[in-house]
Engineer: 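One structure, as structure tokens, below. Some questions next.
Atoms considered below: every heavy atom in the structure, side chains included; atoms not considered: hydrogens, waters and symmetry mates. Throughout, residue positions are numbered sequentially from 1 according to the sequence presented.
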Amino acid sequence: MNLRRFTLVYLALILAMMVLVVLVQAVTGFDIANAGMAIIPAMGAAMIEGQKFARREGRQPESAQMWRFARQSVVIILGLSMVAVMLFSVTAPEIKMLLSQQYGGALLLGALLFQVAVSFILVRHFVGLGARSVLGAPTGKGGRG
């Protein structure tokens, strides 16, 4: 599995979701952004990595491979999330206000670590799910392999 591709897909999904949130807000006036959206890029990037692996190798990745990839990818997710928090702490009034509170930094760090922990489990699961989706997909026009 390719960490560079995972990172690029992860970043692309973050940007796509940001554009979607802005467009929906501009068109409808509703803000659809929520905390749950933080895990969607990890799920999507992991699913794509599992699919790429299955197409290239013709098999499901071994459990140890998926856990190793999840550990490696969570380091990337943590780094990118920390950069995002640093950038948004300068520009987003909500985060500025949170950081000005007595335990705001600890709360933000706790939320970040929770998101990374959830992403770790999701990456492991969705790599396997992505591979299974390719290996179990029917081939041919009639839907039969």
Engineer: Would Q65 and R68 count as a side-chain contact (heavy atoms from CB on, under 4.5 Å) if you check the C-alpha gap in whole Å, the side-chain angles of each, and the deciding distance to 0.1 Å?
Structural biologist: CA-CA 5 Å; Q65 287 177 295; R68 184 173 42 255; 3.6 Å; yes
Engineer: Could you go through Q60 and L135, starting from their C-alpha distance and side-chain angles, then the distance that decides it, and tell me whether this counts as side-chain contact (heavy atoms from CB on, under 4.5 Å)?
Structural biologist: CA-CA 8 Å; Q60 177 83 12; L135 297 173; 4.0 Å; yes
Engineer: Is there a side-chain contact (heavy atoms from CB on, under 4.5 Å) between E94 and F88 once you walk through the steps?
Structural biologist: CA-CA 9 Å; E94 298 87 3; F88 288 127; over 6 Å; no
Engineer: Is there a path of hydrophobic side-chain contacts, each under 4.5 Å between heavy atoms of I, L, V, M, F, W or Y residues, that connects V9 with L122?
Structural biologist: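 Cluster IDs for V9 and L122 differ.
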Engineer: Going by salt bridge (Lys or Arg N to Asp or Glu O under 4.0 Å), name the residues that satisfy it together with R5, two or more places apart in sequence or in a different chain.
Structural biologist: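 R5 satisfies salt bridge (Lys or Arg N to Asp or Glu O under 4.0 Å) with E49 only.
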Engineer: Check residues 104-111 and write down every donor-acceptor pair under 3.5 Å in which the side-chain atom is one partner and the other belongs to a residue at least two apart or another chain.
Structural biologist:
none

Engineer: Give, for atom CD1 of I121 and atom CH2 of W67, the distance between the pair rounded to the nearest 0.5 Å.
Structural biologist: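 Reported to 0.5 Å precision, the distance equals 4.5 Å.
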Engineer: Below 3.5 Å, can you tabulate the donor-acceptor pairs from side chains in residues 73-87 to any protein atom, sequence neighbours excluded?
Structural biologist:
residue : atom : partner : partner atom : Å
S73     : OG   : F69     : O            : 3.0
S73     : OG   : A70     : O            : 3.1
S81     : OG   : I77     : O            : 2.8
S81     : OG   : Q115    : OE1          : 3.3

Engineer: In the single-linkage hydrophobic clustering (I, L, V, M, F, W, Y; side-chain heavy atoms under 4.5 Å), do Y10 and L15 co-cluster?
Structural biologist: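 Y10 and L15: one cluster.
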Engineer: Applying side-chain hydrogen bond (donor to acceptor under 3.5 Å, both in side chains), name anything that partners R4, two or more places apart in sequence or on another chain.
Structural biologist: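 Expected list: none.
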Engineer: Side-chain donor-acceptor pairs under 3.5 Å in residues 37-45, sequence neighbours left out?
Structural biologist:
none

Engineer: Provide the closest heavy-atom pair for Q51 versus G130 in the form atom of the first, atom of the second, distance.
Structural biologist: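 Taking Q51 first and G130 second, the nearest heavy atoms are CG-O, 3.2 Å.
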Engineer: Show which side-chain atoms of residues 17-28 pair as donor or acceptor with protein atoms under 3.5 Å away, not counting sequence neighbours.
Structural biologist:
residue : atom : partner : partner atom : Å
T28     : OG1  : V24     : O            : 2.6
T28     : OG1  : F30     : N            : 3.2

Engineer: Please determine whether residues F6 and F126 belong to a single hydrophobic cluster, defined as Ile, Leu, Val, Met, Phe, Trp and Tyr linked transitively by side-chain heavy-atom distances below 4.5 Å.
Structural biologist: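 No, it is not one cluster - the side chains of F6 and F126 are not joined through contacts under 4.5 Å.
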Engineer: Nearest heavy-atom pair of P61 and A131: which atoms, and what distance?
Structural biologist: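 Where P61 meets A131 most closely, the heavy atoms are CD-CB, 3.5 Å.
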Engineer: Write down the atom of M66, the atom of V127, and the distance for their closest heavy-atom approach.
Structural biologist: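 It is CG-CG1, 3.7 Å.
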Engineer: Any link between I14 and L8 through a network of hydrophobic side chains (Ile, Leu, Val, Met, Phe, Trp, Tyr) touching at under 4.5 Å?
Structural biologist: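 They do not share one cluster, since no chain of ILVMFWY contacts under 4.5 Å joins I14 to L8.
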Engineer: Between K52 (side chain only) and M1 (backbone N and O only), is there a donor and an acceptor less than 3.5 Å apart?
Structural biologist: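 Looks like no, no N/O pair under 3.5 Å.
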